[in-house]
Amino acid sequence: MGFLLAIVVTLFFPGIILRVKSRLSGRKGPGVFQPLRNILVLMRKGSIFSSVSSYVFRIAPVIYLATILCAMLLLPFPGYPSIFGFDGDFVFFAYLLALGKFLFIIAALDTGSSFEGMGASREALYSLLVEPAFFILFGTLALLTGFTSMQEIFEAFQVTGHHSFIIGFIGVYLLVQIAMIENSRMPVDDPKTHLELTMVHEVMILDHSGFNLALMHIGTALKFSMYGTLMANFLIPLSWGLPEKIGFFFVIQAIMATVIGLMESFRARKKLARNPQFVVTLSSIALVAFILVVLITFNRI
Amino acid sequence: MKKLVREKSFGFPGVFPLNTFILHSEMVPFIFFIPVILSFFVLIVRSGIRFYFVLSLTVVTILITSIPAISLLLNSTGATLLFTAAGPPGNLTFTIDRLSSFFILVTNFTVLTAMIYSKGYLKPYQAVKTPARLSLHYFSFVWLHLSMLGVLMLREGLAFLIAWELMAVSSFMLILFDAENRQTLKIAVNYLIQMHIGLVLLIIAFLLVEEKTGVFGFDGLTPYFSAHSNILLFFLFFAGFGIKAGFVPLHTWLPEAHPAAPSHVSGVMSGVMIKMGIYGIIRVLASVQADWFLIGIILLAISVISGILGVILAIGQHDLKKLLAYHSIENIGIIGMGIGIGAIGIGLHNPWMIFAGFAGAMLHVLNHSLFKSLLFFSAGSVYQAFHTRDIEKLGGVIHPMPQTAGLFLTGALAITGLPPLNGFISEILIYTGLIKGLSAGTVYQTMAMMLAIIGLVLIGGLAIFCFTKAFGITFLGSPRSEIKHVVTEAGSSMLGPQYIIAGMILLIGLVPVIFVSPLIEVITSTFPASPELVSGTLLSTLTAISRLGFLFLLLVAGLFFLRYLLLKRRRVEQQPTWGCANTMGNARQQYTATSYAATLAELVHPVMPETQRYVPVGEEEIFPAIRSFSQHLSDVFQQIIQKITFGSMWVLKKLARLQTGNIQHYILYAFVFILIIFALVYLNLL
């Protein structure tokens, strides 16, 4: 359920971001489905591979996308079980994404380009710093609810009482920020400035072309809707009927895309040297939530 | 472990009553001495057949020890096998229980693969080294294997310590293989000294036990622990075994000794020899009677620190094998975390933490022995082909050596704990223990568990950082220095064992249940715990993981097929790497290991200080002369230990003035000494 809906959302998610950004900068902007059309065009093209690169470069995009698709199979939808959920599945979720990232990074190094090496190094650093935030968040939820699979966590979370609003708010904030950093978007990196000015994500896919590039773009778009789906699990009340839930789900995703568009338009990119501090902030915020839950669990409040 | 399946077809434990046969035969204990006697023939056998002789000797040893071990692990009734050999000096008892069975199988597998690998690896040395040297090398190798098995099977204190010492000495001999290099000699001596510090600690610990209980050996531990303070003796043992295992800050020998040894030896040392320390710790822990919680927490803290520091320091290394050696410290940290969680679990009577923790730790022992030996072997192939281990000088190794590169990549993915490979299974078991532990006790425990989770996550992230660097810079891109000779792929005797290991890695990653369920038996028989509550859920989690693993592989295959269909009719070209329309770039402009690690090195400055050596250009110097620049990231602990050694050297040098070489002076010293004794007696002070 969560898997299918997330796939549907992916079709227009990047389009909304683009649209919002272009409207805010005073342009008319492309249609919502333009990124999808771009991908279809890429799919129909041939490929150019760097002569320095090896088989790593060729297999990496496939595995990258496969990890994201496979991770999405673990996504729950409020009131409906995830396809493959099990105890501790959020660890699997995070590690599977890390596998994709590993391949993504070495594919960048495979070209022997110093730009891409630079991007690779930074990607590795940011993802290592952002990972704790995700784990603290889910550890906190596990402590609060007493469950360890994502589906059970979210189901139990909604009935824990009033403080679930505070935790839910922090959770949503963290997920948005994690999604931004995972995809190297605004405060960390600016995807608008192409080529050498964009030092993380965009620079790493410089040498990919055709089908492989399409896979990379699909992966990025899927990551957004994946985190959006996790967020929806915080927000959609369990007691609603299925049509309302689905409707609200799309609204949430659209709002998230709009918020990302807004953030990207009004926020300046941070200095590269400042980025680690920013990324670590997320873990501290997650720790605040954790301490709150510790106090709740041990009846100190 | 590979043999596990094959041996099963012999028909025991059900059809052929091998257990009863072993238990009742009078001759059986002496079987263990066959390899010991045969090992001396290694020294005299002709050099043409030496390798095959040693290989068959190893196989015989493996068969002798694996058969009882496997029968014990598969049979759910018998807990311990005893073989007592009565001889003139006294009885020598070989004891095999489930715990030692597991370690025996891990040891045997890695030693066998290393043995086969050594054929190809030592080939270039045949011409350079004298036959006597090579014989001695193989002799030491056989003895390293035998002494490790001895450590695992002997419980009596003296016999155990002798085996422990033989293990240190034989590995010392193996490191010395390259003794022409003065640096190697220094490292080997340093190793020997540190090992003996560990030995002394163990002797003291055993003596303490003997003083109170009258038993010199592991059997005296349980009575000791039930009557006296647990925590002190445990940590005395921990220090002794921890030097071998390489817990921070006892690790300083490790990153020096492993790279200095030949690669097959590094694989065995890092893969299994340091695990003997882990075995010792688990063995002692099994006898502990109280203070579980405190022991567990301290163990967990030390392990998290070891894990994080190990991997951070690994990132600073440019020597491929040294980098791998630091990763051993990281992995020992992960294993220690599992043990710590298990101990806390026993303290809290939480079966989840006991089983997830210990199973994670033990599975990681097996996993680490696999991927670490795989990594050392493939790194050894690279060293053999390029004659350098400096990753700044390598690059593009994947082109001449695609298979070695693929194997290294497999090892790298496994060691970083990524699914669907084996490292992930042990890590998720440890995560399960930690997450279950979050809500199982007091506030402090919850905090400790959360800190440990953060630690493990950081270890994972840092390992990805480190291995993308190690693999990316070494194997990808284009060569960073000119190579004068033709480089070819490693030979089949070197690749073969690596493929076997890689197969095992994938097998554990995809079908973890068949490896974890025997481990649950091991834990049940070793620690006070019963698995009824958890083993079902734990195994169903693992089944879910293996299902997802297969699904993931299917997805990958499907996407490949899609790409094949789409690209079949299209143009696929090769062109230079895009460089802002500049295609003149050369290989030296590539990102280097130093620059890759620079972003992180800044953040971890306190534990990994950076030193730069260069002469700055003067202001009046209009045409600067040729200069050199060097940059070095070092291990803060090695600096501390160096300071201590230099300090004591200084004191000792001052004291050396007393040693004049003049006989009259020495008589004077003796006279003064006697006077002092007299004075003390006179004053009633003695």
S.K.: Salt bridge (charged side-chain N to carboxylate O under 4.0 Å, His left out) with A:Glu182: which residues, sequence neighbours excluded?
M.R.: A:Lys101, A:Lys223
S.K.: What part of A:Ile59 gets within 4.5 angstrom of chain B, counting heavy atoms only: side chain, backbone, both, or neither?
M.R.: both
S.K.: When rounded to the nearest 0.5 angstrom, what is the spacing between CG in A:Asn275 and CG in A:Asp189?
M.R.: 8.0 Å
S.K.: If only side-chain N and O atoms count, and only distance matters, is there a donor-acceptor pair under 3.5 Å linking A:Ser113 with B:Tyr591?
M.R.: no
S.K.: So what's closer than 4.5 Å to chain A heavy atoms on B:Leu409: side chain, backbone, both or neither?
M.R.: side chain
S.K.: Is a donor from one side chain sitting under 3.5 angstrom from an acceptor on the other, for B:Thr594 and B:Glu392?
M.R.: yes
S.K.: If we define contacts as heavy-atom pairs under 4.5 Å, which of A:Gly117, A:Ala71, A:Gly85 has the most with chain B?
M.R.: A:Gly117
S.K.: Select, from A:Ala98, A:Gly88, A:Ala273, the one with the greatest count of heavy-atom pairs under 4.5 Å involving chain B.
M.R.: A:Ala98
S.K.: Against chain A, label B:Arg571 side chain, backbone, both or neither, depending on which of its atoms sit under 4.5 Å from a heavy atom there.
M.R.: backbone
S.K.: Picking from A:Leu287, A:Leu143, A:Ile291, which has the most non-hydrogen pairs under 4.5 angstrom with chain B?
M.R.: A:Leu143
S.K.: Over 60° means perpendicular and under 30° means parallel, so classify the ring planes of A:His208 and A:Phe57, tilted if in between.
M.R.: parallel
S.K.: Between B:Phe475 and B:Phe408, what is the ring plane arrangement, given parallel below 30°, perpendicular above 60°, and tilted in between?
M.R.: tilted
S.K.: Pick whichever of A:Phe49, A:Phe86, A:Phe102 has the most heavy-atom pairs under 4.5 Å with chain B.
M.R.: A:Phe102
S.K.: If contact means a heavy atom pair closer than 4.5 Å, which residues of residues 421-430 of chain B contact chain A?
M.R.: B:Phe424, B:Glu427, B:Ile428
S.K.: Among B:Leu600, B:Leu548, B:Leu567, B:Thr541, which has the most heavy-atom pairs under 4.5 Å with chain A?
M.R.: B:Leu548
S.K.: If we only count heavy atoms from C-beta on, is the A:Phe211 to B:Leu562 side-chain gap below 4.5 Å?
M.R.: yes
S.K.: Which answer fits A:Ala120, side chain, backbone, both or neither, if we ask what part of it has an atom under 4.5 Å from a heavy atom of chain B?
M.R.: both
S.K.: Check whether any side-chain heavy atom of A:Ile136 lies under 4.5 Å from a side-chain heavy atom of B:Ile453, and answer yes or no.
M.R.: no
S.K.: Run the side-chain hydrogen bond (donor to acceptor under 3.5 Å, both in side chains) test against B:Gln403 and tell me which residues pass, sequence neighbours left out.
M.R.: B:Tyr499
S.K.: Should the pair B:Tyr596 and B:Phe465 be assigned to parallel (<30°), tilted (30 to 60°) or perpendicular (>60°) ring geometry?
M.R.: tilted
S.K.: Flag the one option from B:Glu602, B:Met449, B:Arg569, B:Gln574 with the top tally of heavy-atom pairs under 4.5 Å to chain A.
M.R.: B:Gln574
S.K.: Which region of A:Pro276, side chain (C-beta onward) or backbone (N, CA, C, O), has a non-hydrogen atom less than 4.5 Å from a non-hydrogen atom of chain B, or is it both or neither?
M.R.: side chain
S.K.: Please indicate whether B:Arg570 has more than 12 foreign heavy atoms, meaning atoms of other residues, nucleotides or ligands, lying under 6.0 Å from its CZ.
M.R.: yes
S.K.: Please classify the contact between A:Thr148 and chain B as side chain, backbone, both or neither, with a heavy-atom cut-off of under 4.5 Å.
M.R.: side chain
S.K.: Identify which of B:Gly558, B:Gly472, B:Pro419 forms the greatest number of heavy-atom pairs closer than 4.5 Å to chain A.
M.R.: B:Pro419
S.K.: For B:Ile391 and B:Ala593, which heavy atoms make the closest approach, and how far apart are they?
M.R.: CD1-CB, 3.9 Å
S.K.: In terms of heavy-atom proximity below 4.5 Å to chain B, should A:Asn212 be classed as side chain, backbone, both, or neither?
M.R.: side chain
S.K.: A:Ser53 and A:Asp110: side-chain donor and acceptor closer than 3.5 Å?
M.R.: no
S.K.: Any idea which heavy atoms bring B:Ala405 and B:Phe471 closest together, and the distance?
M.R.: O-CE1, 3.4 Å
S.K.: Using heavy-atom distances under 4.5 Å, tell me whether A:Asp207 contacts chain B through its side chain, its backbone, both, or neither.
M.R.: side chain
S.K.: Taking every heavy-atom pair that is under 4.5 Å apart, which of B:Thr468, B:Leu438, B:Thr432 has the most such pairs with chain A?
M.R.: B:Thr468
S.K.: Quick check for you: among A:Met118, A:Glu116, A:Lys45, A:Glu123, which has the greatest number of heavy-atom pairs under 4.5 Å with chain B?
M.R.: A:Met118
S.K.: With sequence neighbours excluded, give me every ring-ring contact (aromatic ring centres under 6.0 Å, His included) pair touching residues 542-571 of chain B.
M.R.: none
S.K.: Check whether A:Thr140 gets within reach of chain B through its side chain, its backbone, both or neither, counting any heavy atom under 4.5 Å.
M.R.: both
S.K.: For chain A, which of B:Gly455, B:Gly461, B:Ala598, B:Pro420 has the most heavy-atom pairs under 4.5 Å?
M.R.: B:Gly461
S.K.: Before you tell me yes or no, could you show the steps for A:Ser149 and A:Asp89 under side-chain hydrogen bond (donor to acceptor under 3.5 Å, both in side chains), namely the whole-Å CA-CA distance, both residues' side-chain angles and the distance that decides it to 0.1 Å?
M.R.: CA-CA 5 Å; A:Ser149 79; A:Asp89 54 1; 4.7 Å; no
S.K.: Tell me, for A:Thr67 versus chain B, whether the close heavy atoms (under 4.5 Å) come from the side chain, the backbone, both or neither.
M.R.: both
S.K.: Does any heavy atom of chain B fall under 4.5 Å from the side chain of A:Phe90, the backbone, both, or neither of them?
M.R.: side chain
S.K.: Under 6.0 Å between ring centres, would you say that holds for A:Phe138 and A:Phe93?
M.R.: no
S.K.: In terms of heavy-atom proximity below 4.5 Å to chain A, should B:Leu538 be classed as side chain, backbone, both, or neither?
M.R.: neither
S.K.: Chain A: which of B:Val556, B:Thr592, B:Leu456 shares the most heavy-atom pairs with it under 4.5 Å?
M.R.: B:Val556
S.K.: Answer with yes or no whether the side chains of B:Glu489 and B:Thr404 bring together a donor and an acceptor at under 3.5 Å.
M.R.: yes
S.K.: Examine whether an atom of B:Leu458 lies under 4.5 Å from a heavy atom of chain A, and if so say whether it belongs to the side chain, the backbone or both; otherwise answer neither.
M.R.: both
S.K.: Would you please say whether a donor-acceptor pair under 3.5 Å links the side chains of B:Thr537 and B:Ser540?
M.R.: no
S.K.: Which atoms of A:Phe92 come close to chain B, meaning under 4.5 Å heavy atom to heavy atom: side chain ones, backbone ones, both, or neither?
M.R.: both
S.K.: Where does A:Ile105 contact chain B at under 4.5 Å (heavy atoms): side chain, backbone, both or neither?
M.R.: side chain
S.K.: If you count heavy-atom pairs within less than 4.5 Å of chain B, which of A:Val56, A:Ile106, A:Asp87 leads?
M.R.: A:Ile106
